[in-house]
Structure formats: C-alpha cells, structure tokens
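The structure under discussion appears below in the form of structure tokens.
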Amino acid sequence: MSDELKKLAAKAAMQEVRSGMRIGLGTGSTAKHFVDFLGAEVANGFECICVPTSEVTAAQARSLNIPLTTLDEIDTLDVTVDGADEIDGNRYLIKGGGGALLREKIVAAASKKMIVIADTSKMVDSLGAFPLPIEVNKFGLGATTNLVKKIMATFGAQGGLVLRKRMGGETFVTDGGHFIMDASFGRISDAKALSNALLDVPGVVQHGLFLDICSAAYLASPDGVVAIGDTV
Ligand code: 5RP
C-alpha cells in the first residue's frame, strides 16, 4: 500500500477525535500517520490524553508532545485508532503484523470505539491469507507449538507455523517479553471457534484475531476513502 493511501486513511480518521478525548494510539506504518496528525493538532492546542499500544508509538507520541497515560490511571478510552493486516465484511480483523497485538487488543477492548485505518487492499472476503500472529509465553515453547499445530490441523490450515524472527535472525520479542508464532491458515472459516481454541492453550498469551472489536474503518483507495461501520 502506498504511503499516500495510509496517510489518507489516517487523515480521514481524524474526524473521529474531539478535543478532550481519551485516545488509544495504534502501532504500525498507518497508525504512525495518525499519531503525526494528532501531534500537529496538539501543537495547535488540541487537548487529549492518550494510551500508546507499543513502545515505538509511545516514543513517537512523546516526540510530538502528545500527553500519555496508562490504563492503570484511566480504565476506559473514548476511541482507539489503529491499522490492520486484514479486515472482512463483519469488520473482523487480523492484527499483529507489527508484533503489538496484545497491547493493541487490551487498548481496543478498553475503548468505546475502535477505528481501523487501512487501504482497501486489506479488505478480504475471508480472513487467513495473512498469517495469524499468535503471541506465546517463552516458557514451554515446544509444548505450545505442538498444541497450536494440532489446532491448525483441526481448522484445515494450508500452511505452517513459524516462530517470528527479526531481520538479523534473532527471535522477535514483544514489548511484553513474549514470542510470536505466525500461523498460515490460508482461509479461516470459523474465526470465533479458532479464537476460543487458541485461547484454551495455556502458553498462548493472545492472538491477532480481533472479533467484534472494530466499530468502523476508513479504507483508502486511489478513488478516495470509504468509511464502513459506525463512523461519526
Ligand atoms: C501491529 C499491527 C498493525 O496495525 C498492522 O500490522 C498494520 O500495519 P501497517 O499499518 O504498517 O500495515 O497490527 O501489531
């Protein structure tokens, strides 16, 4: 997706925020544009208090003087704006391509509205072409891998399971100190059942299926931005 389309989607989502709001800040290259737009508004006197979904987003927000807090200080947010790796017609999502899915889901679930910003290439008929990120505890990795592989077989996964690595080859570690496994399903036919099955595995901390969480989405294409769901 071109950076211009990411920017267009992020700009469109600015209509969801009002001065005085408590805002969740997503993670990734599209959310980064939203944080930039918000930072420009803050410089002009816009008031908000924000909870970032990753250390990277926190650093960006601090550099823009966006006031930050935590979900220990406040327990609900008005809105969260975040990217997605896939979005289907039910506004079910796959997230976690950037490795921030656990904090992203905690922040989204604490928000009255979760707004997705993406380009239309992220829209899919059924989820699963993008490998599903699964955040796992470091302890018992072999046992967790076996259990997740069994679930993948039960759900007809067409591909394999890989432990996420960084460019340099070292294992990717999340902000919460966990590993991520990427599960290639090809097509996920029953996302809710899969979600429940994965959460039943003791070593699974969380997964990137966001079901019944996304309120609305701003999806940019070269023809403009399409808004779906419960927009303002
Ligand atoms: C990070 C995410 C991102 O929102 C998702 O990967 C989309 O990223 P981008 O906007 O860079 O395409 O879930 O964990």
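In this chain, residues are counted from 1 in sequence order. Indexing begins at 1, ligand by ligand and atom by atom, following the structure's order.
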When you measure from the side chain of Glu86 to the backbone N and O of Phe130, does any donor-acceptor pair fall under 3.5 Å?
yes
Please determine if Glu55 and Arg103 form a salt bridge, counting it only when a charged side-chain N lies under 4.0 Å from a carboxylate O.
yes
Per-atom filter on ligand 1: closer than 4.0 angstrom to a heavy atom of Gly28 are 11 (O)
Within the 4.0 Å heavy-atom shell around Asp82, which atoms of ligand 1 are there?
4 (O)
I want to confirm something. Looking only at heavy atoms, which of Pro133, Ala100, Ala118, Ser29 is nearest to atom 14 (O) of ligand 1?
Ala100
Is ligand 1 less than 4.0 angstrom away from at least one heavy atom of Lys122?
yes
Atoms of ligand 1 less than 4.0 Å from Asp85 heavy atoms?
5 (C), 6 (O), 7 (C), 13 (O)
Exercise: do Ser221 and Thr120 side chains pair donor with acceptor under 3.5 Å:
no
Would a distance-only check, ignoring hydrogens and angles, find a side-chain to backbone donor-acceptor pair under 3.5 Å from Lys122 to Ala84?
yes
Does ligand 1 come near enough to Gly96 that some N or O of the ligand is less than 3.5 Å from an N or O of the residue?
yes
Is a donor on one side and an acceptor on the other found under 3.5 Å between the side chain of Lys95 and the backbone of Gly83?
yes
Identify the heavy atoms of Ala197 and Ile151 that sit nearest to each other, and give their distance.
O-CD1, 3.4 Å
Under 4.0 Å from a heavy atom of Glu104: which atoms of ligand 1 are those, numbered in the order shown and with their elements?
1 (C), 2 (C), 4 (O), 13 (O), 14 (O)
Can you name the atoms of ligand 1, numbered from 1 with element, that are less than 4.0 Å from a heavy atom of Gly83?
4 (O)
Answer yes or no: does an N/O atom from Lys6 fall short of 3.5 Å to an N/O atom of ligand 1?
no
List every atom of ligand 1 that sits less than 4.0 Å from any heavy atom of Thr27, numbering the atoms from 1 in the order shown and giving each element.
1 (C), 2 (C), 3 (C), 4 (O)
Does this structure show an ion pair linking Lys192 with Asp212, if we count only N-O contacts that are shorter than 4.0 Å?
yes
Does only the side chain of Ala84 get under 4.0 Å from ligand 1, or the backbone, or both, or neither? Count heavy atoms.
backbone
I need the atoms of ligand 1 closer than 4.0 Å to a non-hydrogen atom of Gly99, numbered in the order shown.
14 (O)
Do the side chain of Asp85 and the main chain of Gly96 share a donor and acceptor less than 3.5 angstrom apart?
yes
